[in-house]
Each structure stands twice: as structure tokens, then as C-alpha cells.
*Asks:* 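Could you have a look at this structure, given as C-alpha cells, before my questions?
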Amino acid sequence: MRSFQDSNGDGIGDLGGVRARLPYLRSLGVDGIWLNPFYASPQHDHGYDVSDHLAVHHEFGDLADFDRLVHDAHRLDIRVIVDVVPNHCSIEHPWFTAAVAAGPGSPERLRFHFADGTGDHGELPPNNWRSVFGGPAWRRISEPDGSPGQWYLHSFAPEQADFNWRHPDVVEHFEEVLRFWFDRGVDGLRIDVAHGLHKREGLPDHEFAIDDELTGDPVNPYAWNQPEVHDVWRSWRILAEEYTEETGRERMLVGEVGVLDAGELAAYQRPDELHQSFFFEFLRTPWDADSLSQVIDRGLETVAAHDSPVAWVLNNHDMPRSVTRYGGGAPGVTAGDVDLGLTRGRAAALLMLALPGSVYLYQGEELGLPEVTDLPDDVLRDPMFRRTDGARRGRDGCRVPLPWASGQDSFGFCPPGTQTPTWLPQPDWFDYYTVDRQLESGESMLQLYREAIALRHRVPALSSGGFRWLPTEPGVLGFTRGDGFACIVNCSPRPVCPPPGARLLLGSDPEVGDKLPPDSAAWFLLEEIS
């Protein structure tokens, strides 16, 4: 949200900015919006370090602004999903400050993972776990008398203390949080680090704990994906169903589940747990026909096997943008081949929007924004960059504020006349990607997304049709949805022919016609499907 639209001229996106752009979102054709954390927070990790789960951070507005946003979104038939952060909180949260003040062995410390250090004088961390953001997963505090004290667990930044989910106060607190936002009309929850929460009893060392830091993936089997976490989602599902039944409006749960195995991911979407979980394996897959077909099969054969939709994603706020990935670029290294990335990004968009399940778009994806790969070190805000001494560039490059209007200060992100710079600097080349420019071009990425989403709503096969692979030549993907619809994706270096009897509905490349160019995709209506 902080990069979507600024309404008050402080250079930071806010609730009022989202509300002002609801007509744009309606015209794009989305069914709902997911808001990153807007809660009271010191902002050490862009709001994922929450100090009060029931209040709005002053940079984003207040509860009245939130209520107006929900009201206007519902009036436009747009649902509102809010981000809930249950694995950890800010070290400025009242519970944590009370725990530090209360001293070792106090009831207040039991809400977190406090432990004595190892070594002769407790000067070493309690175990060898590593933070996903780099460095040890433990920080030592000073006790109330000023002496070196216990250590607390933080799976991410040191400013984010992990809750102890075996403590009943934590369970009760988050039930209060859920009810508070459901009572305000929220339609769903995006759950941060849904594979976290519980830790293995005793917090044992792990031989490959360093991999959590080096890869950013949840490798440590004692810190992540514990069996007890499923009990949490069952209880949250019961609460969501309660609100659905009472109000007649569905409440849904979608998880950020960072497990690497599709079968384990599917377990989070059993009928009594989460409604959806992001299928990140699709996002990580290279532009290759065999790789893409295999990952699509894994999603449909595991997650969808529980009669729960696969939640497809190409972009999010934690990964380099797809245009740059597909063009061979990387943050802090190179922008890659932007033209190739855009071409493949257009094709990937049609592929994703043709698949059965749900689709989540990240702001700016519909504009074809590349990653800003050359942000100066002194403007980077992601704690990951500092914690790894620059070894991991961080996520700022995909979070640069959006360009709305060509030729305007901040490209229309801030109100006219704003003197305050945007919270991350926008490059000059953003002018090429502005919304107003793309609305004037019938062949822009924005128009492609609008047309594809409209067809996704309008073509019955795309909402209820089955899925079947078509025989194709090497390097080409082809599948049908229901009767008379086909999607063809050409990942090969040569043009390929469309299916016999095909009538073009939409192509990713303006040159799609008798042949599909390399790195393109197209949707067809078929008179015959063999």
C-alpha cells in the first residue's frame, strides 16, 4: 500500500490513496484487493513489525479512513483482504516491553521465546538457528538492572520478536484481532508466514540451519511447518465460517505458506483449514515449457486435489518482478533484456489467467513494470540488505512507488505540488510505464491485462471448465478449459501454428495470427478439439 498512491503529500502511499484509485481497480476487473500491513508499527520491516494489531499507523490514516475504504470498495463490488502477522510482533509491542521489564521467569516472557544463552557467561545464542533476514535468530537483551540478560527468538529482523504460540494468551489475542477486523467488514485475511508460529519443543540445533539465512527458504525443520500449526488454521477457519453464516458474506483465509514441497502446501488447504495458499513454485519457475507444464501439474494434482483452488502468482512484494526475471536481470546486478522480459511477461500473464484457480496480481504487474535494479545503497530500506552485509540485495526494487501520470512530479503518485520525495526514488524511465500512457495504447500491458481479466469473467470455460493438456510440439504448451477454449504458449525459438479451427480471442503479441511468434501466448475458441 505504501507504494500504491499517496493522498496527503508525505511521499508514502496510504488508505486514502487506495480509496481514490478504487475506480481504476474496478476498471482493471479485479474482484478484491489485499492490503499489506497498515497497523501501528515502527516500520522496521515496512509494517510487518506490528506494535498494535487494532490500530492504523499514522502514515496510512486512521480507522475512519479504513472504514471509508471498505465501504467504497464494497459499493464497487470489490472485496477487501487485510494482512495479518501472527508469527511475530514489534519489540515495541506492549507485551514485549512488559516482558523485558518483568525479568527472567516472568509470565510476561512466556508469551515469547526467551532463553538463557550458552557459553561460560551466556554470551552465545541459545541455539544455532539463523534469521531469514541474515545473522543469528537470537538477540540478547539487557535486564531491568542493566546486566546482560536472556536472549529472544526472532526468525526475521531483530525488531520482530516471535510469539510463543503454545501460550493461551497468544491464541486469545489473535482471535480478538480477527473478530475486530471481521466486525469492520473485512472479507478475508492474508496470513503472513503461515508455516511459522509453532517451534519444536526444546528448540534443538539443526545441522543445516544456515540455509534459512543463505536461501531465505524455511529449511530448518524445527523452526517451521510444525504439525501444531494446522490446529491454528482449523480454529481460524471455524471463526471465518461463523462470520460467513452470520452475515451471508463469505470470509476467506489465504496463507503465505513458505514450504517447498507442493504436497506439504496442499495440507494447508484441507477442507477445514485455509481456503487458499499462494503457489509460489509457479512464480519461481523459469521460462521453459517443460518446467512450466510440470509445475502446473504439481499444483493441480496436489493443492487442487483437496477441492481447493490453486492460487497462482507471478509477482509479489518479496520477489524481483517477473519482467526482470524473464529477461535475465537481477537486483543489484543487471536489468537484463527488458524487451525480452516484457514479451515473456505478456505471455506468462495469459498463461496464468487461463489456468483453473485463483490469480493474485501484484501492484504494477499489470503495467509490466521491471524491477528497479540499480537503487543506490543509501536509499535501500529492506532490513535484509543490512543484515546480510549486502549479500542479499533485498526487496526494495519491486516496491518503488507506482507511476500514474506521465510528465508529472512523482509520476502522479503524490498529489500535485508535493515537495516531499517518494519514500523510494522512482527512475526516470518509469515515464514509459505510466497508467495514462498505457490507457492510450491498445497494445499496452495494462490493456492486455484488462482484456484478459474481462474475458476470464465472460468466457464460461474459464470459470468452470476442466483442464486438459493438448498434444504439442517441443517447447510449446497447449491446454483446453471446458468446451471450445484453448490456451497455447510458445516458449520455443520458432513460430508455431495455432490449433486447427481456432479463432483468436486474445494474443500476447500483436503479431499473433497464422503463427504464434516465439515467447508468445494466445487464447482461442475452437470449433473442434481433437
*Asks:* Which residues pass the side-chain hydrogen bond (donor to acceptor under 3.5 Å, both in side chains) test with Glu264, sequence neighbours left out?
*Replies:*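 side-chain hydrogen bond (donor to acceptor under 3.5 Å, both in side chains) check on Glu264 returns Asn225.
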*Asks:* So Tyr48 and Asn36, side-chain hydrogen bond (donor to acceptor under 3.5 Å, both in side chains) or not? Walk me through it.
*Replies:* CA-CA 8 Å; Tyr48 283 94; Asn36 287 127; 2.9 Å; yes
*Asks:* Given 3.5 Å as the limit, does a donor-acceptor pair link the side chain of His306 with the main chain of Gln269, or not?
*Replies:*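 Judged by distance alone, no pair lies under 3.5 Å.
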*Asks:* Could I get the full list of side-chain hydrogen bond (donor to acceptor under 3.5 Å, both in side chains) partners for Trp138, not counting sequence neighbours?
*Replies:*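 side-chain hydrogen bond (donor to acceptor under 3.5 Å, both in side chains) list for Trp138, sorted by chain: Asn127.
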*Asks:* Output every pair passing salt bridge (Lys or Arg N to Asp or Glu O under 4.0 Å) with a member in residues 302-325, not counting sequence neighbours, ordered by first then second residue.
*Replies:*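 Qualifying pairs, neighbours excluded: Asp318-Arg395, Asp318-Arg399.
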*Asks:* Is the backbone of Asp187 close enough, under 3.5 Å, to the side chain of Tyr243 for a donor and an acceptor to pair up by distance?
*Replies:*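 The answer is no, because no donor-acceptor pair under 3.5 Å joins these two groups.
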*Asks:* Using the side chain to side chain donor-acceptor pair (under 3.5 Å) rule, collect all pairs that involve residues 12-22, keeping only residues at least two apart or in two chains.
*Replies:*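 Every side chain to side chain donor-acceptor pair (under 3.5 Å) pair that includes a residue of residues 12-22, provided the two are not neighbours, is Gln5-Arg21, Ser7-Asp14, Arg19-Asp72.
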*Asks:* List the steps, then state whether ring pair (Phe, Tyr, Trp, His ring centres under 6.0 Å) holds for His44 with Phe133.
*Replies:* CA-CA 12 Å; His44 290 291; Phe133 286 176; over 10 Å; no
*Asks:* Can you list the residues that meet the salt bridge (charged side-chain N to carboxylate O under 4.0 Å, His left out) rule with Asp272, with sequence neighbours excluded?
*Replies:*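 Applying salt bridge (charged side-chain N to carboxylate O under 4.0 Å, His left out) to Asp272 gives Arg234.
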*Asks:* Under the rule for salt bridge (charged side-chain N to carboxylate O under 4.0 Å, His left out), what residues qualify as partners of Arg237, not counting sequence neighbours?
*Replies:*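 Scan of Arg237 (salt bridge (charged side-chain N to carboxylate O under 4.0 Å, His left out), adjacent residues dropped) gives Glu241.
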*Asks:* Restricting to pairs with a member in residues 123-140, which pass salt bridge (Lys or Arg N to Asp or Glu O under 4.0 Å), not counting sequence neighbours?
*Replies:*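 Residue pairs passing salt bridge (Lys or Arg N to Asp or Glu O under 4.0 Å), neighbours aside: Arg130-Glu213.
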*Asks:* What residues form a ring pair (Phe, Tyr, Trp, His ring centres under 6.0 Å) with His230, not counting sequence neighbours?
*Replies:*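 Per chain and number, His230 pairs via ring pair (Phe, Tyr, Trp, His ring centres under 6.0 Å) with Tyr268.
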*Asks:* Quick one: which residue pairs count as a salt bridge (Lys or Arg N to Asp or Glu O under 4.0 Å) with a foot in residues 147-164, not counting sequence neighbours?
*Replies:*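 Checked against salt bridge (Lys or Arg N to Asp or Glu O under 4.0 Å) - neighbours excluded - the pairs reaching residues 147-164 are Asp162-Lys199.
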*Asks:* Among all residues two or more places apart in sequence or in another chain, which pass the ring pair (Phe, Tyr, Trp, His ring centres under 6.0 Å) test with Trp312?
*Replies:*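 For Trp312, the residues satisfying ring pair (Phe, Tyr, Trp, His ring centres under 6.0 Å) (neighbours in sequence not counted) are Phe279, Phe282.
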*Asks:* For Pro221, does its backbone N or O pair with a side-chain atom of Gln226 as donor and acceptor, under 3.5 Å?
*Replies:*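 Flag set: sc Gln226 to bb Pro221 pair under 3.5 Å.
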*Asks:* Between side-chain atoms of residues 104-115 and protein atoms elsewhere (two or more places apart, or another chain), which donor-acceptor pairs fall under 3.5 Å?
*Replies:*
| unit_1 | atom_1 | unit_2 | atom_2 | d |
| --- | --- | --- | --- | --- |
| Ser106 | OG | Gly103 | O | 2.8 |
| Ser106 | OG | Arg109 | N | 3.4 |
| Arg109 | NE | Ala99 | O | 2.8 |
| Arg109 | NE | Gly103 | O | 3.3 |
| Arg109 | NH1 | Glu143 | OE1 | 3.4 |
| Arg109 | NH1 | Glu143 | OE2 | 3.2 |
| Arg109 | NH1 | Gln150 | OE1 | 2.8 |
| Arg109 | NH2 | Val100 | O | 3.1 |
| Arg109 | NH2 | Glu143 | OE1 | 2.6 |
| Arg111 | NE | Asp169 | OD2 | 3.1 |
| Arg111 | NH2 | Asp169 | OD2 | 3.2 |
| His113 | NE2 | Phe163 | O | 3.2 |

*Asks:* Please check if the side chain of His195 supplies one atom and the backbone of Val257 the other of a donor-acceptor pair under 3.5 Å.
*Replies:*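 No, because the side chain of His195 does not come within donor-acceptor range (under 3.5 Å) of the backbone of Val257.
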*Asks:* Assess the side chains of Asn316 and Tyr360: does a donor N or O sit below 3.5 Å from an acceptor N or O?
*Replies:*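 Judged by distance alone, the side chains do not pair up.
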*Asks:* Please list, chain by chain and in numerical order, all residues satisfying ring pair (Phe, Tyr, Trp, His ring centres under 6.0 Å) with His46, sequence neighbours excluded.
*Replies:*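 Here the qualifying residues are Trp423.
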